[in-house]
Every structure is written in structure tokens, then in C-alpha cells.
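Keep in mind that what you see is a predicted model, and the values were worked out from it rather than measured. Each chain gets a letter, A, B and so on, in the order the sequences are listed, and its residues count up from 1.
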Number of protein chains: 2
Amino acid sequence: MSADDHRKSRVTLLDVARHANVSRATVSLVVRKSPLVSEATRAKVERVLHELGYIYNMGAASLRAERSNTVGVIVPTLGNPFYGELLSGIDSVVGETGMAVILANSGEQFSRQSLLLQRMREHGVDGIIASLTAETQAECIEQISDWGLPVVQVLRQVTDRLDYAGVDYAGGMQQAVDYLASLGHREIAFAVHGPVHSAYRERIEGFRGAMLERGLDPDLIVRVPMAMPDIASAVPLLFERKTPTATICFNDVIALGLAAGLYDSGRVIGQDFSLVGFDDVSDAEATRPRLTSVSSRPTTVGQNAARLLLQRIAKPHRAPQQIVSKTYLKIRQSCGPVDAFTI
Amino acid sequence: MSADDHRKSRVTLLDVARHANVSRATVSLVVRKSPLVSEATRAKVERVLHELGYIYNMGAASLRAERSNTVGVIVPTLGNPFYGELLSGIDSVVGETGMAVILANSGEQFSRQSLLLQRMREHGVDGIIASLTAETQAECIEQISDWGLPVVQVLRQVTDRLDYAGVDYAGGMQQAVDYLASLGHREIAFAVHGPVHSAYRERIEGFRGAMLERGLDPDLIVRVPMAMPDIASAVPLLFERKTPTATICFNDVIALGLAAGLYDSGRVIGQDFSLVGFDDVSDAEATRPRLTSVSSRPTTVGQNAARLLLQRIAKPHRAPQQIVSKTYLKIRQSCGPVDAFTI
DNA sequence: CTGAAAGCGCTTACAG
DNA sequence: CTGAAAGCGCTTACAG
């Protein structure tokens, strides 16, 4: 029996019904584990189901039931390990319910994101989790929701009229500044890069707020390149206008890059210069000296987003929810007291 | 107009047909961009399509056409950045055709993988790309294919009767050994971990073959733990039986971990000890000294796998194909000549 | 080039 | 607790 034969001779509910001497509706109930069917009938039907090698046709069920048991996930990049962990969190809670995840990568391009949103709608996903590009307007995404398609924003918030699962970035910056200040640092730089979305602005504002609160100069914000090798060579930018003794980084990618560049320039991190990362991806533990980093626990954020979406699908009309999870500072070895500095 | 109204009053082909004074079939042809329809009719229909806000219902189309325009992708973990890059490659070529990727994570568990395979079949995916767990038997996966569901194996090969996109691991090990030998190293360890699948065996055999060819001891194979912090503390294992002057690593995760551990033990990498990684993920460039690594280009492998699947879907009966891509050695700073060693 | 009819495999009321 | 009928929105032959 060739593959094609199998394809064509697909076993349907009706086939099972005939073999088991019941109606198609009864088989459907058994398949969906309804309690409305007697033990005896259920046992008989289940045996036939198995004998005939019945495979549930989710597509057909979706058409009739008007739900597809799929959720769409749009991420801005797959190259950053951070999003792998986020996906892992989403997949674990969505997968538990038996639903499937449809994944797409916008590459931080708004036009591509629009295409993907459209495509997901055509695929009939029951809801969408998206980390939206910086250009995305509130109207754009609220409209999707107005179509009756549940949307939850993850990591980047475009509107407060829709669900959002994110991270308390401002609190994280506060923790970083507090820690460095407690070590005696007063000139602290903030190294950033990438598109200007809510998560970017929150970090900037968090940094400025925390610095101002302590009467420190909040303006030492330095934009560095995106690519890893270029970040390392951007170290001189830190010292262009002032002479900071410490730098907080927008993410661990920047921290690792700067750590490399500082090393190249002969500085000993944690001794001559202090560095705090953000996100606490697994590499923070692997580098030497170990990188002190503000943990944003992407897996947890992914799980939060998935739970929000599931709840939204169940109750389309409840008020928008936001889950903003706390960060915590993972202290390792990349910071030292300012007094010890030899610069 | 509330979200529910939208849902219920979905615009169908029939609605469009009535407004445009044509038949439903004609609208269907326009939507699918068939050349069988006149310019005038097409223009008229397209206008109505747009006016009414028609959304293609992929689910309904799938049911009738017996293809879903989705492909399933099963990865063993999402925590390793390597798989993010692989996914990125798959997504880019699958996305180009307008198909959607259904993603699932087996967590290296065979039982979970079976569940996912079953679920993907129920979702009616047109094909599957999978990096299979070590326990997977040839029969298991050949059976999926016998059901008429195209499968391509990626990175790990269970059977040669099905398509496979992978990496020339043995060639990569050869490159690493050749390079270290050219620097004068004769005692070379191989640090490995993880489940024993084809990619694992190929690397082991590649290492042993390359060592034997040069008359070197092929048995210095050391198993290290999975978790990053534990790898660093596994450095003493390298020196338990012999005193290697260099180590090749199964992947960059191990290389980075051992680099950290060697640093902790006071050794200077590239001077006191040489280290070669495998995969060349972005961190290889960021660490100091920069890590010399055998590049396996996961994005390319992902693209290869996706192309194989697309071809297989188009021609179910052609002979199985394998695309084994070459590695190349990215030389950086983590290796030095053995003469310079002070041990 | 266009239309009328049938059917993909399921679930949903509605009867009994 | 079980069955007969209708229909989800599309595509596929088949006529014209």
C-alpha cells in the first residue's frame, strides 16, 4: 500500500461509525471525550477507532467549530537567544493545552509584520502573541483585536487597551543603578542600541530616573552598534564625553561585546571598570569574569503571555490585563568598588 | 460593531460573488490568481473583495484541497541559540512560499516527540522537519513517511531512506585535528556531552579517525555535564588520564564553559592551552580570547532542510536526498603552538 | 472564460 | 444516551 493510497483512503468518522454500528455524531462525541456517551458504546467505538487507525482532522473540525486550536507567535528576531527562551516559555504552556504554535519572524520590519499578521488571520489562528516592531501604531494593533482576534503584546507595549506581558524594565534599571552607587560609582554610562520601542524607552527613562534621584548625571547614554564585533570596538565611545567608572548595558549582547572591547583595551573588568548586563542569558554565567546582570527571565515572560492569551480567548470581553514581572539583580563578578580603581 | 459581530458576519466567497454578480467559483479563481479569468472580471471582483474586507479562509481551503499550507518543525530544545538560528533559516524559506511554520519543542524526550508528531498529523501539516531524539528508531520515522506525510530529518539522521539536511561533522573534526596538529599538538582531548545521536557519533568517529590517521591517541574522549556552570568545573576531568595540550569541543557551549574553567584554574587560553569550539555561534566572536571554532552554519542547514521539504512535497516519489554541508574552520585566538607551552 | 453542483470531514442543534 | 440532517467556506470536476 503506497503513500497515496493512504492519503486517499483516509479513515473518517463515518467509516468508524459504520464499523461500530453507531452514528457519526456518536463517534464525534467519543473522540472529544464527551461524558454524554455510555461506557459500553465508548469502549466499542474506541476499539474501532484504534483498529482503523483513525486520525482526527483538526482542519475539518476547525471549519465547523470556528476555532483552529492554533496560536500565532510573532518575534522580531530569532538570532538573539533571548527569544529562544521566550518561545520555550510560550510553547510549554500553549502545548499543554493541545494547541499548536504558528511561529513567524518579522525581522524588525513593520511591512513584513503586517504581512504575517494578515497570514495568521487567514490561517484562522485563535489568537496572537507578538513582540511588535517599533513603528507599530496603537491603531494598527487594536484593529486586529477589533476583528475579533485576541492579541497579547509581549515585551513591547504599543497600547494599554490590550493585554501585555512584559518586564519591569524601570525597576531593573533602578536595581542596577542602586548597586553601582552602593559601590561608590558616580559617573555611570548606559550603553544602548536597537530600535526605539517601549522596552527601549522604559529602560532609558528608568536609567535617567534612577540617576536623577541620586543627583547623578543622567545623560551619559551611548548608542553602540548592533553587530557583536562592532560593539567591542565601540568602547572609546564610552569615554568620549566623560570618564565613567561603570556602564550599565541595554542587554547582555552589549555587555559581552563591551567586555571584550574593554579587555582589548587592557582594562580589567570588575577591577578597573564595572559592567552590568541586562537579561541574564546563559552566557552571563559562562564569561570571565562572570557577568553581573539584571535578570528578566524570558521563559517566565513567555509563560505569562501564553496564559494571558488563553484567558483572553476564553473571555474575549474582560478588561485588558498586564503582567509586568519583576527583575532581579544577579550579582557575579563584573563590578567592583570605585575606590579600588586605578584610573 | 463589536468583535462578535465581525466573527459571525464573516465575508465569504459567496458574499463577494453576489456583490460582483459572478459565481463563487470565479471569485475563488481570482483569489488564487488563476489566469483563467478575464481582466475585466478580475478587476471587478478584486474591487469587491477589498470593499467587503474579504479574508481568505485557509482552513476551509485546506479541507477541500487536502493541503494545509503549513509545515511542522520539531526541535529538541529552544534554549540553545543554535536552534534559534536553524529556525531562522527554516522560517525564511518556508515563509517565502506563503506557508506557515508550526513549531514544537520535544525537550529531547522521545515520548513527547511522539505526541507532537501525532498532533502535527492531526493538524494536517503538509510536511515535517525534525531534529529527532536519540532514541528514535528508523521504523518510527519511516512510518510517518509511509502515511504519506513528507519528513525531512535535520542535523540528526536516523535513516537514509528519508531526506536529510545536515553537516559534515567528520570533516569538521578533521579540520580541527589538522589545525591543532599543525601547531604541534599531539595529545588532544575531545570534550563531549548530551544524548548519543547520529551527530554525536559522527563527531566521535570523525575525531577518532582523524587522530588515528596521524598516529595519535584517539581515546582521550571526556564526557562533561550539560549545564554551563558545571562544565566550567569539569576541567580537571580533562587531565585525569593524560595531559592534553589542546581540547576540541563538541559544541561552543562546552568550549565557552571550559574556557571559563581553564581561566579559573589559571591557564591562559591560546598560550598555556588550546581550545577549538564547534558550531561557531555568535558568542565565539565575543569571548576573549576569541574562540577558534568549526562553523556549522545552522541558518544554512535550516534553509537546506526547508528546500528539501518543499521539493519532497512537490515530488513525493523521488529518491531520498541528503544535503550535507561543509564546515569551515574559523581561526581566531584560542589556539597556540605547542612549543610555547609552559606546562 | 463563467456557472451550478457536489463534497472535503467535522460539529451543531434538534428529535427521539 | 443515540441518530438524521444541515452546514462551516472552500475547491474541483464538469458543462456550457
Of C:dC8, D:dG3, D:dT11, the nucleotide closest to the side chain of B:Arg24 is D:dT11
Picking from C:dG3, D:dG3, D:dC8, the nucleotide nearest the side-chain atoms of B:Val22 would be C:dG3
Using whole Å, what does the distance between atom P of nucleotide D:dA6 and atom CD of A:Glu66 come to? 19 Å
Under 4.0 angstrom, heavy atoms only, what part of the nucleic acid is A:Thr41 near: base, sugar-phosphate, or nothing? sugar-phosphate
Closer than 3.5 angstrom, by distance alone: can the side chain of A:Thr159 be matched with the main-chain N or O of A:Ile141 as a donor-acceptor pair? no
Any sub-3.5 Å donor-acceptor pair from A:Glu108's side-chain atoms to A:Pro195's backbone N or O? no
Should B:His197 and B:Thr133 count as side-chain neighbours, where that means a heavy-atom distance under 4.5 Å? no
Round to the nearest Å and state the distance from B:Leu14 atom CG to C:dA5 atom C1'. 13 Å
Counting N and O atoms only, with roles assigned by atom type, does the side chain of A:Arg312 sit under 3.5 Å from a partner on the main chain of A:Arg318, one being a donor and the other an acceptor? yes
Rounded to whole angstrom units, what separation is found between the CG atom of A:Leu36 and the P atom of C:dT11? 14 Å
Separation of D:dG9 atom C1' from B:Tyr54 atom OH, nearest Å, is 7 Å
Using only side-chain N and O atoms of B:Thr26, determine if any of them is under 4.0 Å from OP1 or OP2 of C:dG3. yes
To the nearest Å, how far apart are B:Asn57 CG and D:dC8 C1'? 8 Å
Send over the distance from A:Asn21 CG to D:dT2 P, rounded to a whole Å. 13 Å
Tell me, do A:Gln113 and A:Gln109 make a side-chain contact under 4.5 Å, heavy atoms counted? no
May I have the distance from A:His123 (atom NE2) to D:dC10 (atom P), rounded to whole angstrom? 14 Å
Residue A:Tyr56, side-chain heavy atoms: nucleotide from D:dT2, C:dT11, C:dC8 that is nearest: C:dT11
Donor-acceptor check, side chain of B:Arg156 to backbone of B:Ala199, threshold 3.5 angstrom: yes or no? no
Between protein and nucleotides 12-16 of chain C, what N or O pairs are separated by less than 3.5 Å?
from	atom 1	to	atom 2	distance (Å)
C:dT12	OP2	A:Arg32	NH1	3.1
C:dT12	O4'	A:Arg64	NH2	3.3

Residues A:Ser111 and A:Ser114: side-chain donor-acceptor under 3.5 angstrom: no
Look at all strands and tell whether B:Val31 reaches a base, only sugar-phosphate, or nothing, counting heavy atoms closer than 4.0 Å. nothing
Taking the side chain as everything from C-beta on, heavy atoms only, tell me whether B:Thr41 gets closer than 4.5 Å to B:Val45. yes
Report yes or no: does A:Gln153 contribute a side-chain atom to a donor-acceptor pair with the main-chain N or O of A:Val158 at less than 3.5 Å? yes
Please determine if a side-chain N or O atom of A:Ser23 lies less than 4.0 Å away from the OP1 or OP2 oxygen of D:dG3. yes
For A:Leu52 and C:dG9, what is the distance between atoms CG and C1' respectively, to the nearest whole Å? 15 Å
If a stem is a run of at least 3 consecutive Watson-Crick or G-U pairs, both distances under 3.5 Å, which stems include DNA chain C? C:1-3 with D:14-16, C:5-12 with D:5-12, C:14-16 with D:1-3
Closest approach of A:Ala104 to B:Asp91 (non-hydrogen atoms, all atoms of both residues): CA-OD1, 3.7 Å
The nucleotide from C:dG3, D:dT11, C:dC1 with an atom nearest the side chain of B:Ala61 is D:dT11
